Peer 1: 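Can you keep this structure in mind? I'll have questions shortly.
All values derive from a computational prediction rather than experimental measurement. Values reported hereafter were calculated over all heavy atoms of this structure, with side chains retained and with hydrogens, waters and symmetry mates removed.
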Amino acid sequence: MQTRCGAWGNPAPFSFAPNHTRAIETLSAQRRGKLFKRILIAACVALPASAHAQGHGLIPLAESDNWVAFSHSPDDGLHIDMCIASPPTAEIAFRVDGHSTEIRAADPRWSLTVGQTGPMTISVGPYSHTYDMTAEGATMLESDADPIELGKLFDAMDQSSVMNIKFGSKTTKKISLSGSTKVINSLKACAASNGFADLGKASGPSSSPF
């Protein structure tokens, strides 16, 4: 399955690593199709142009309600070079690789100037933190994020049902966190197992069998 990111200003195709979709083959065709679509939309935001050009490489990790986690491999799973988690609209995305830990925000309706900067405040329950965002394209903002700070955000997400995002003093968005705990746990596991970052322990009552 392939898609193109025209709405996000990127014409490159994506498809899934052919040997790494077995875990979701038991899903109904309709549910599997929705999952693929969610991952592909997030990939348009989270992956760099070099990954786009490689085509195959998306590996589903987890999906729950409105959230998905996946990784990217340049060689059909032999090596993982990125771990990503996002809601289906990719309004916010968490991306971890061997060089950085990032928060990204995107909207195909935006028309940004590359290099444009501004504050983005994420509030979840009592948690609040402002990130200095930079436009990496016409529709996408990016900021490096400290893994410890992300861990605090993820802990807050586990205890809340909604994330509030405020861009400067003009735009506010609300994102449902339904399903995010399972997906963020998969992001944490992907980042840790590949030596990218420690984003904290798994959350939720079913995170461990012990």
Peer 1: Between I175 and I165, is any pair of side-chain heavy atoms under 4.5 Å apart?
Peer 2: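 Yes, side chains in contact.
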
Peer 1: Donor-acceptor pair, distance only, cut-off 3.5 Å: does the side chain of T130 make one with the backbone of P119?
Peer 2: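 Between the backbone of P119 and the side chain of T130 there is no qualifying donor-acceptor contact (under 3.5 Å).
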
Peer 1: Under 3.5 Å, side chain of S160 to main-chain N/O of A156, donor-acceptor pair present?
Peer 2: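 Not a single qualifying donor-acceptor pair exists.
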
Peer 1: What residues, two or more places apart in sequence or in another chain, satisfy side chain to side chain donor-acceptor pair (under 3.5 Å) together with T171?
Peer 2: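 Result, side chain to side chain donor-acceptor pair (under 3.5 Å) vs T171: none returned.
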
Peer 1: Does any pair with a residue in residues 111-194 pass disulfide bond (SG atoms under 2.5 Å apart), and if so which ones, sequence neighbours excluded?
Peer 2: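 For residues 111-194: C83-C190.
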
Peer 1: Would you indicate whether the side-chain heavy atoms of L61 and V183 approach each other to under 4.5 Å?
Peer 2: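 Contact flag for V183/L61 side chains = no.
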
Peer 1: Grab the two heavy atoms, one from S128 and one from T121, that are nearest each other, plus how far apart they are.
Peer 2: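 Heavy-atom minimum between the residues: OG-CG2, 3.5 Å.
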
Peer 1: Is there any salt bridge (Lys or Arg N to Asp or Glu O under 4.0 Å) pair reaching into residues 166-191, and which pairs are they, with sequence neighbours excluded?
Peer 2: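 Output for this query lists E91-K173, D107-K173.
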
Peer 1: Tell me the ring pair (Phe, Tyr, Trp, His ring centres under 6.0 Å) pairs involving residues 144-186, sequence neighbours left out?
Peer 2: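 For residues 144-186, and leaving out neighbouring residues, the ring pair (Phe, Tyr, Trp, His ring centres under 6.0 Å) pairs sorted by first residue read F94-F154, W110-F167.
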
Peer 1: Sequence neighbours left out, what passes ring-ring contact (aromatic ring centres under 6.0 Å, His included) with Y131? Give chain and number order.
Peer 2: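 Testing Y131 for ring-ring contact (aromatic ring centres under 6.0 Å, His included), a comparison that skips the adjacent residues, returns H129.
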
Peer 1: Mind checking whether P87 and I92 have side chains closer than 4.5 Å, heavy atoms only?
Peer 2: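 Heavy-atom side-chain distance check passes, below 4.5 Å.
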
Peer 1: Please determine, by modelled atom types, if T181 and S203 share a side-chain donor-acceptor pair under 3.5 angstrom.
Peer 2: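 No donor-acceptor contact under 3.5 Å links the two side chains.
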
Peer 1: Please enumerate all residues that pass side-chain contact (heavy atoms from CB on, under 4.5 Å) together with Q116, with sequence neighbours excluded.
Peer 2: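 Applying side-chain contact (heavy atoms from CB on, under 4.5 Å) to Q116 gives L112, T113, A135.
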
Peer 1: Please list, chain by chain and in numerical order, all residues satisfying side chain to side chain donor-acceptor pair (under 3.5 Å) with T101, sequence neighbours excluded.
Peer 2: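 Applying side chain to side chain donor-acceptor pair (under 3.5 Å) to T101 gives none.
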
Peer 1: State which residues pass side-chain contact (heavy atoms from CB on, under 4.5 Å) with S176; sequence neighbours excluded, sorted by chain then number.
Peer 2: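 Counting only residues at least two positions away or on another chain, S176 forms a side-chain contact (heavy atoms from CB on, under 4.5 Å) with N66, S178.
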
Peer 1: Tell me, do L141 and T134 make a side-chain contact under 4.5 Å, heavy atoms counted?
Peer 2: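 They are not in contact (no side-chain heavy atoms under 4.5 Å apart), so the answer is no.
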
Peer 1: Is there a side-chain contact between I103 and M120 in this structure, where contact means two heavy atoms from C-beta onward sitting under 4.5 Å apart?
Peer 2: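 I103 vs M120: side chains touch.
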
Peer 1: Could you pull out all residues at least two apart from A191 that satisfy side-chain contact (heavy atoms from CB on, under 4.5 Å)?
Peer 2: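 If we apply the side-chain contact (heavy atoms from CB on, under 4.5 Å) test to A191, skipping adjacent residues, the hits are V96, F196, L199.
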
Peer 1: Should D97 and R95 count as side-chain neighbours, where that means a heavy-atom distance under 4.5 Å?
Peer 2: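 With C-beta onward as the side chain, the pair touches.
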
Peer 1: Using the test side chain to side chain donor-acceptor pair (under 3.5 Å), find all partners of H99 that sit at least two apart in sequence or belong to another chain.
Peer 2: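 In terms of side chain to side chain donor-acceptor pair (under 3.5 Å), with neighbours along the sequence ignored, H99 is linked to no residue.
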
Peer 1: Which heavy-atom pair separates M163 from I122 by the least distance, and what is that distance?
Peer 2: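 That closest heavy-atom pairing would be CG-CG2, 3.8 Å.
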
Peer 1: Taking side-chain contact (heavy atoms from CB on, under 4.5 Å) as the definition, give me every residue that meets it alongside K152, ordered by chain and number, with sequence neighbours left out.
Peer 2: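 By the side-chain contact (heavy atoms from CB on, under 4.5 Å) rule, K152 matches Y127, I148, E149.
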
Peer 1: For residues V68 and I84, determine if any side-chain heavy atom of one lies less than 4.5 Å from a side-chain heavy atom of the other.
Peer 2: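 Answer no - side chains too far apart.
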
Peer 1: Does anything in residues 132-145 pair up under salt bridge (Lys or Arg N to Asp or Glu O under 4.0 Å), and if so which pairs, sequence neighbours excluded?
Peer 2: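 Checked against salt bridge (Lys or Arg N to Asp or Glu O under 4.0 Å) - neighbours excluded - no pair reaches residues 132-145.
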
